[in-house]
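Taking it in order: structure first as structure tokens, then the write-up.
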Amino acid sequence: MNKKILIVEDENSIRGFLKINFQRNDFKVIEAETGEEGIRKAMLEKPDVAILDVMLPGIDGFQVCEALRKKYTNIGIIMLTARGQDMDKIMGLEYGADDYVVKPFNPVELILRVKAILRRIDLKVESENGDIVESAPFRLDLYSQRVYKDDSEIDVTPKEYLLFKLFIENPGKAFGRDELLNIVWGYDFVGDPKIVDVNIRRLRAKIEDDSSKPQYIETVWGTGYRWSHGNK
Ligand code: CA
């Protein structure tokens, strides 16, 4: 999917120049002439990156930057500035900008910087989402080991958690009772293998809409169980 870039610049010639260059590089360009317009369009279009001129009529680029950063943690922001202009503010990037470019700028360099920021954001989003497994209506937080259904937490025991994790990460796969016993309880488990069924029954009571007619954890007759959700 094409990345969206918001360009907030009051000078038509510079805005047009930026627009052409980013369009050539397959960006979807959203333009704004004032900071207020930029913030409004950001809400509607949810751009991946914003290029903000510092000197704007009305609120300045720093205020736009601050407003966007507060609302969208993962937007990339590059400030566009004239030489010597507010360099202290810009160098500190205290308003939450990721980078800045001094006019007159080389468009190739600006595009490279935008791409570098996008790569950083993608990595960040990936690692933020890396600990979550989702299969609607369920969500599994691997980091805190919590299970949610429709955003409310389900209280599970450590074994129920492991079972649930195994199922949700392997939709459609049939697990034998011995297999579940080995994976969840360990190879050295000594005891009644019926413990698998007992735990499945408890887990069903917690996650199924109607545990007498389970729709998520299916029974595989003669074998064991499988996570059926997502295959219907
Ligand atoms: Ca300007």
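Residue indices begin at 1 and follow the sequence shown. Note that ligands are numbered from 1 as they come in the structure, with each ligand's atoms numbered from 1 the same way.
For the salt bridge (Lys or Arg N to Asp or Glu O under 4.0 Å) with E218, the qualifying choice from K173, K213, R226 is R226, the only one to do so.
Among residues two or more places apart in sequence or in another chain, the salt bridge (Lys or Arg N to Asp or Glu O under 4.0 Å) test is passed with E160 by K206. With sequence neighbours excluded, the residues satisfying ring-ring contact (aromatic ring centres under 6.0 Å, His included) with F164 are F138, W227. With sequence neighbours excluded, the residues satisfying ring-ring contact (aromatic ring centres under 6.0 Å, His included) with F175 are F167.
Panel detail: the Ca ion (ligand 1) has protein N, O or S atoms under 3.0 Å away, 3 in number.
With rounding to the nearest 0.5 Å, the separation of CG in L52 from OG1 in T81 is 12.0 Å.
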Point to revise | Full working for salt bridge (charged side-chain N to carboxylate O under 4.0 Å, His left out) between E36 and R40 | key: CA-CA 6 Å; E36 289 86 347; R40 212 166 48 240; over 6 Å; no
